[in-house]
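Atom set for the values below is all heavy atoms of this structure, side chains included, hydrogens, waters and symmetry mates excluded.
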Amino acid sequence: MKVFYFEKYSYDPEEGVARFHYSYDREVYFEEILEFKSEVAESVLFHLHLALGISYYKAYLAPEIKVKSGQLNREMAEFW
């Protein structure tokens with residue numbers, strides 16, 4: 001096996017199902033299926049929003065950060 005591919009992913013909010021597709025050399029395929037309860041999906045999306053935003057924050061390194069998309073408790077704020 002020479003190449004590992006992150007093929008695609010999808011999320012169906014009505015079913016609460018996320019599907020992640022991978023392959024080796026486009027010959028051996030894998031599908032990971034995760035089912036979320038709505039409150040779990042919202043939490044995952046919020047944390048992904050924060051994680052992905054770090055790359056954009058690093059572009060300018062503003063001295064202040066404000067999260068308008070949700071609230072962080074003390075433990076979450078310490079982590080992020």
Side-chain angles (χ1 to χ4, degrees):
M1 301 293 172
K2 295 181 181 181
V3 179
F4 179 80
Y5 290 88
F6 288 81
E7 295 286 353
K8 63 181 178 176
Y9 67 92
S10 64
Y11 177 68
D12 183 336
E14 290 181 17
E15 291 183 10
V17 173
R19 296 174 186 273
F20 303 87
H21 301 267
Y22 311 92
S23 76
Y24 280 107
D25 295 336
R26 298 237 163 116
E27 294 176 5
V28 179
Y29 291 88
F30 304 94
E31 179 183 26
E32 183 83 23
I33 300 172
L34 300 176
E35 294 183 38
F36 297 101
K37 294 182 180 176
S38 62
E39 64 275 3
V40 173
E42 184 60 37
S43 177
V44 168
L45 293 173
F46 176 62
H47 287 282
L48 280 172
H49 178 60
L50 297 176
L52 295 170
I54 290 170
S55 292
Y56 298 100
Y57 165 75
K58 290 188 303 185
Y60 294 99
L61 297 175
E64 184 178 0
I65 297 172
K66 292 187 178 184
V67 178
K68 295 176 64 176
S69 55
Q71 296 209 357
L72 288 82
N73 62 31
R74 183 177 175 172
E75 184 179 65
M76 292 162 65
E78 288 175 2
F79 173 81
W80 289 108

Can you list the residues that meet the side-chain contact (heavy atoms from CB on, under 4.5 Å) rule with [X], with sequence neighbours excluded?
{"X": "Leu61", "value": "Tyr57"}
{"X": "Tyr11", "value": "Pro13, Ala18, Phe36, Ala41"}
{"X": "Asp25", "value": "Met1, Lys2, Val3, Glu27"}
{"X": "Phe46", "value": "Leu50, Val67, Ser69, Leu72, Met76"}

Holding to side chain to side chain donor-acceptor pair (under 3.5 Å), I want the full list of residues that pass it with [X], two or more places apart in sequence or in another chain.
{"X": "His21", "answer": "none"}
{"X": "Glu78", "answer": "Arg74"}
{"X": "Ser43", "answer": "none"}

For this session: Could you pull out all residues at least two apart from Glu7 that satisfy salt bridge (Lys or Arg N to Asp or Glu O under 4.0 Å)?
Result: Arg26
Exercise. Who are the salt bridge (Lys or Arg N to Asp or Glu O under 4.0 Å) partners of Lys66, not counting sequence neighbours?
Worked result: Glu64
For this session: Decide if atom OH of Tyr24 counts as having more than 12 heavy atoms of other residues, nucleotides or ligands within a radius under 6.0 Å.
Result: no
For this session: Examine Trp80 and Leu52 and state if one hydrophobic cluster contains both, with Ile, Leu, Val, Met, Phe, Trp and Tyr joined whenever side-chain heavy atoms are less than 4.5 Å apart.
Result: no
Problem set entry | ring pair (Phe, Tyr, Trp, His ring centres under 6.0 Å) against Phe6, all qualifying residues, sequence neighbours excluded | Phe4, Tyr22
For this session: Can you sort out the partners of Phe20 under ring pair (Phe, Tyr, Trp, His ring centres under 6.0 Å), two or more places apart, ordered by chain and number?
Result: none
For this session: Any salt bridge (charged side-chain N to carboxylate O under 4.0 Å, His left out) involving residues 9-21? Give me the pairs, sequence neighbours left out, ordered by first then second residue.
Result: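 Those involving residues 9-21 are Arg19-Glu31.
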